[in-house]
Amino acid sequence: MPELPEVETVRAGLSKLIVGKTIARVEHDTPKSFPNASADVKAFLVGATIADVGRRAKVLIIDLGNAYSLIIHLKMTGQLVFQSKTVHFGAGHPSDSLVNPLPDTSTRVIVDFTDGSKLFFNDQRKFGWVRLLPTVEIPNLDFFKKVGPEPLSNEFTWHVMKQRLRRRKNTSIKAALLDQSVIAGIGNIYADESLWGAKIHPSTLVRDVSDAKIKELYKSLVAVLRLSIAKGGSSSHTYVDAEGKKGSYMSFANVFRREGQACPRCGTIIIKTRIAGRGTHVCPHCQKLRQA
DNA sequence: CACTTGACCTGTCCGC
DNA sequence: TGCGGACAGGTCAAGT
C-alpha cells in the first residue's frame, strides 16, 4: 500500500479538490471499513464543510471544521478517489482509460457532497479503515502516541535518525526502518530503495551499521522520499491518487521490483529475497552483509 | 523487555 | 483450463 509519498500525494490532491465542500450524505458497506459509523456518528458528518486535509505518517486526517475529523488508513490497497459531478464520457472517449467507473466491487465508503461531487474510499483487501473522531482525541490514539518523527520535517536531522535507530539493536536495519515507532511513513518500497542508495544490506543488524552509514542512509532516504513525492508516488495496480491517476516513481526505482535486472550502479543482477518477513530487493555486489 | 511471526482479506500470478 | 500455494507498498496481537 501506499507509503508516505503516496499518502502525501493523495493528501495534496484531496486538499485541492474537497476543502470547502459540504457533506450531504455518507454510505458504507462493511462495518470493518468504517467501524464507528453509527447513525449518531454520521450526524456529525452530514452538513459539515471540509476545513483541511492533513497527514501524519501514513494516516490521512480530514478536518470537518466542527471539532470532528475523519481519519483514514489506506493500508495495502486503499484508495481515495474524487469524482466531480460531470465525469461521464461516451464509449471510446480518449479519457476512458483514466477514469474507472465508480463505485465498483472494492468501494467501501461513498461521501456525497452537496454540489454533486463524490469521494470514494475503495479497498480491495478491507485492511484499511475510516473513523470519525473528535479532533482533540487524535493525538491520544495509541498509534499517534507511539509513531516516530516525520522524515521530511525540519526537525528530522541525521542525528535524530541515528538516535531513533539506535533504540533498536538486535534487529535488522530493514525491520527498524519499517517500524513506524522509529520513523514515520517508511514502507517496503522506500526501505529497499534507501538501503540500496546507502549501500547497506537490509539484513545488517542496526548495531553493526556505523554512524557514517546511518548518515548516508539519512541522505538516501530523504532524497528518495522527495523524488517520489515529486513524481506523484509509485503505482501498483491498486494505487491511484485523488483523481484516479497513477504515479510515476516506479520508473525511477533502482531495486524495488527489479529482480533479474541489472543494478543501475554496478550492473550486477538484482535479487529478491525475504527479510523481516517482507519481499526484499538487493544488489548483491553493492549491498554486502558485512561492511564497516 | 525486544523481537518475530501469524492473522486480517481479496485478487493475481505461477507451477503442476 | 483448473487448482493449490505463495505473494501483495501495513499493522496489530500473540508468541518465543
Side-chain angles (χ1 to χ4, degrees), chain A residues 1-10 29-35 55-60 71-80 100 104-108 121-131 141-148 151 164-196 202-207 221 224-225 227-229 231-241 246-260 272-281:
Chain A
M1 141 346 84
E3 306 179 32
L4 188 153
E6 291 75 36
V7 179
E8 177 57 26
T9 299
V10 170
D29 68 344
T30 149
K32 187 179 162 122
S33 296
F34 198 162
R55 177 191 62 77
R56 177 78 171 96
K58 299 170 190 170
V59 181
L60 284 160
I71 62 173
I72 302 170
H73 202 308
L74 303 175
K75 291 287 180 85
M76 300 281 264
T77 54
Q79 308 175 329
L80 278 170
N100 50 332
D104 63 21
T105 54
S106 74
T107 299
R108 308 296 169 211
F121 173 65
N122 304 323
D123 185 18
Q124 188 171 94
R125 289 172 75 179
K126 302 180 186 173
F127 290 174
W129 43 257
V130 176
R131 291 176 64 187
L141 293 176
D142 284 347
F143 178 85
F144 285 104
K145 282 196 283 194
K146 286 190 306 188
V147 72
R164 307 291 300 185
L165 284 173
R166 294 286 181 224
R167 290 153 39 122
R168 310 285 250 105
K169 296 193 183 318
N170 295 310
T171 195
S172 65
I173 185 70
K174 172 146 181 176
L177 286 175
L178 291 174
D179 184 340
Q180 300 298 293
S181 72
V182 175
I183 303 166
I186 304 170
N188 210 27
I189 300 177
Y190 304 103
D192 282 7
E193 289 294 309
S194 60
L195 288 166
W196 177 88
S203 293
T204 313
L205 296 182
V206 174
R207 65 172 178 215
L221 173 66
V224 155
L225 294 176
L227 172 64
S228 184
I229 289 173
K231 299 301 173 188
S234 21
S235 288
S236 69
H237 66 112
T238 52
Y239 169 77
V240 291
D241 71 10
K246 292 179 173 299
S248 68
Y249 172 80
M250 280 308 290
S251 57
F252 296 85
N254 290 296
V255 282
F256 193 81
R257 291 204 187 132
R258 292 193 181 279
E259 62 270 29
K272 183 174 182 185
T273 177
R274 203 153 185 90
I275 295 169
R278 313 295 302 277
T280 301
H281 308 76

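Chain letters run A, B, ... following the sequence lines, proteins first and then strands; every chain starts at 1.
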task = To the nearest Å, give me how far apart CG (Asp142(A)) and C1' (dT11(C)) are.
result = 13 Å

task = Compare every heavy atom of Pro202(A) with every heavy atom of Ile173(A), then report the nearest pair and how far apart it is.
result = CG2-O, 3.4 Å

request  = Look at His73(A) and dG10(C) and indicate whether a side-chain polar atom (N or O) is within less than 4.0 Å of OP1 or OP2.
outcome  = no

ask   = To the nearest angstrom, how far is Phe127(A) atom CZ from dC9(B) atom C1'?
value = 5 Å

His281(A) and its side chain to side chain contact (heavy atoms under 4.5 Å, CB included) partner, picked from Thr273(A), Asn254(A), Val255(A), Ile275(A) = Val255(A)

query = Expressed in angstrom and rounded to an integer, what is the separation of Asn188(A) atom CG from dT11(C) atom P?
reply = 11 Å

request  = Take atom CG of Asp123(A) and atom C1' of dC8(B), then tell me their distance rounded to the nearest Å.
outcome  = 11 Å

task = Rounded to the nearest 0.5 Å, what's the gap from CG on Asp192(A) to CZ on Arg278(A)? Could you check?
result = 9.0 Å

ask   = Tell me: CZ of Arg56(A) to C1' of dG10(C), nearest whole Å?
value = 16 Å

request  = Please state whether the phosphate of dT11(C), meaning OP1 or OP2, lies under 4.0 angstrom from any side-chain nitrogen or oxygen of Gln180(A).
outcome  = yes

inquiry  = With a 4.0 Å limit, can you tell me whether Lys32(A) has a side-chain N or O closer than that to the phosphate oxygens OP1/OP2 of dC9(B)?
reply    = yes

ask   = Taking atom NZ of Lys58(A) and atom CD1 of Ile186(A), what is their separation to the nearest 0.5 Å?
value = 8.5 Å

request  = Would you please say whether a donor-acceptor pair under 3.5 Å links the side chains of Lys174(A) and Thr280(A)?
outcome  = yes

request  = Compare every heavy atom of Val206(A) with every heavy atom of Arg168(A), then report the nearest pair and how far apart it is.
outcome  = O-CG1, 3.1 Å

Tabulated below should be each protein N or O lying under 3.5 Å from an N or O of nucleotides 3-5 of chain B; please produce it.
unit_1	atom_1	unit_2	atom_2	d
dC3(B)	OP1	Lys169(A)	N	3.1
dC3(B)	OP1	Asn170(A)	N	2.7
dC3(B)	OP2	Arg168(A)	NH1	2.8
dT4(B)	OP2	Thr171(A)	OG1	2.6

task = State the dot-bracket string of DNA chain B. Criteria: Watson-Crick or G-U wobble, both atom distances under 3.5 angstrom; notation: ( ) intrastrand, [ ] crossing earlier pairs, | interstrand, . unpaired.
result = .|||||||.|||||||

remark   = Heavy-atom closest pair (Gly279(A) atom, Lys272(A) atom, distance to 0.1 Å) is CA-CE, 4.0 Å

ask   = Taking all non-hydrogen atoms of both residues, which atom of Phe121(A) and which atom of Trp129(A) are closest, and how far apart?
value = CZ-N, 3.8 Å

remark   = Whole-Å distance, Asp179(A) CG to dA2(B) C1', equals 11 Å

Any Arg274(A) side-chain N or O less than 4.0 Å from OP1/OP2 of dA8(C) = yes

